[in-house]
Number of protein chains: 2
Amino acid sequence: MILSNTSEYALRILSFMAKDPSRMYSAKYLIESLHISDKYLRRLMTDLSKKGFIKSIQGRDGGYIFDKSPAQISFADVIDAVEGIDKYTGCVLGFKQCSDENPCVLHNTWVAVREKFLSTVNQANLADLNFENIYKY
Amino acid sequence: MILSNTSEYALRILSFMAKDPSRMYSAKYLIESLHISDKYLRRLMTDLSKKGFIKSIQGRDGGYIFDKSPAQISFADVIDAVEGIDKYTGCVLGFKQCSDENPCVLHNTWVAVREKFLSTVNQANLADLNFENIYKY
DNA sequence: AATAAATACTACAATAAAGTAGTATATAAG
DNA sequence: CTTATATACTACTTTATTGTAGTATTTATT
């Protein structure tokens, strides 16, 4: 996968929640629907709360609900919060000094891929998805 | 980085060698030029030999030389040999049943990114690079 | 044949990512 | 105020990737 597992999970959870963005989702329901392990999902949800995407409601009948409008959350925001978008902005051959002015042998070719990736994850937001298919595992 | 470290190293080494594709390169020279650790580079070169990209010349004054024309080696070939291209062809949200016929919420958006990536790595080959800048560390 | 200088192989070590266990804390409901 | 049920926290375990060490093998040179 291009993204890390954790980014993949974060996007999977948040895009699942975006289908009905004003309701509260319990950890249990998300775990059963999306087949992500209990403790791993809970830890990730705590992280996403701290980053301001969602808020958690503790105690009996608690769960998670969006704290920010899904329309305000781009995929790039989520990836950046979870694993850092910087991972995806560097030289494909790993040369630190590579730049537009000082390009590596593959720079111009690769920039096109990178721009496509970045523009897509920046423009795609959680409210603008095709909800005809919502997978549950 | 989108690619694994090992893919990055493999591409760095092979594109470096492609500047002068008929000469032999010793491990020592590649290590010094590209700052990849001794044993790691050697093991990777052995793998690349087994995959048919290069051949090794053992014994005194040995080294590595292309076994196949760089023009015949695409970036996708190298990535596939080193870490498997399948990692980059799946659903961005990790749903195994996601397909054109049964798309996940992000499928159509993501296909554009994936196609750009795949077409680029398939078309880019080791002979068709811009050698104005060859970095050495 | 001996030597020197190179690659090949096998096993191990270090690191980072992913996943798990157990306890603590919070809160709605009765 | 007690209980049930939820999330939060801390530490540990597992797995995959990356990197290292040491020995064996190969071969040009003398």
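Order of the sequence lines sets the chain letters (A, B, ...), proteins ahead of strands, with each chain counted from 1.
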Answer with base, sugar-phosphate or nothing: what part of the nucleic acid does [X] contact at a heavy-atom distance below 4.0 Å?
X	value
A:Ser49	nothing
B:Lys55	nothing
B:Gly62	sugar-phosphate

| field | Per A:Asn5 side chain, nearest of listed nucleotides C:dT7, D:dA28, C:dA18 | value |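 So the nucleotide nearest the side chain must be C:dA18.
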| task | Would you verify whether the NZ or CZ of B:Arg23 falls within 45 degrees of the ring axis of B:Tyr25 while also being under 6.0 Å from that six-membered ring's centre? | result | yes
Rounded distance in Å - [atom1] ([X]) to [atom2] ([N]):
X	N	atom1	atom2	result
A:Asp47	D:dT10	CG	P	12 Å
B:Lys28	C:dA8	NZ	C1'	19 Å
B:Leu41	D:dT20	CG	P	12 Å
B:Leu44	C:dA8	CG	P	12 Å
A:Tyr25	D:dT7	OH	P	15 Å
B:Arg42	C:dA6	CZ	C1'	7 Å
A:Ile65	D:dA6	CD1	P	17 Å
A:His35	C:dG19	NE2	C1'	16 Å

Is there a side-chain contact between [X] and the phosphate of [N], meaning an N or O under 4.0 Å from OP1 or OP2?
X	N	answer
A:Tyr64	D:dA8	yes
A:Ser56	D:dA6	no
A:Lys50	D:dT7	no
B:Ser26	C:dA6	no
A:Thr6	C:dA17	no
B:Arg60	C:dA4	no

| Taking the six-membered ring for Trp, is the centroid-to-centroid distance between B:Phe66 and B:Phe53 below 6.0 Å? | no
| Ring center gap for B:Phe117 and B:Tyr88 short of 6.0 angstrom |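 Yes, they do, as the ring centres are separated by less than 6.0 Å.
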| 5' precedence on DNA chain C between B:Gly63 and A:Asp61 (nearest-nucleotide basis) | B:Gly63
Give a yes or no answer on whether the side chain of [X] reaches the backbone of [Y] with a donor-acceptor pair at less than 3.5 Å.
X	Y	answer
A:Ser56	A:Gln58	no
A:Ser33	A:Leu30	no
A:Asp80	A:Ile85	yes

| query | Name the one of A:Thr109, A:Asn108, A:Leu106 that satisfies side chain to side chain contact (heavy atoms under 4.5 Å, CB included) with B:Leu129? | reply | A:Leu106
| Who pairs with A:Asp38 by salt bridge (Lys or Arg N to Asp or Glu O under 4.0 Å), at least two apart in sequence or on another chain? |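 A:Arg42.
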Short N/O separations, protein against nucleotides 20-23 of chain C, under 3.5 angstrom:
{"from": "C:dT20", "atom 1": "OP2", "to": "A:Ser37", "atom 2": "OG", "distance (Å)": "2.7"}
{"from": "C:dA21", "atom 1": "N7", "to": "A:Lys39", "atom 2": "NZ", "distance (Å)": "3.3"}
{"from": "C:dG22", "atom 1": "N7", "to": "A:Lys39", "atom 2": "NZ", "distance (Å)": "2.8"}
{"from": "C:dG22", "atom 1": "O6", "to": "A:Lys39", "atom 2": "NZ", "distance (Å)": "3.4"}

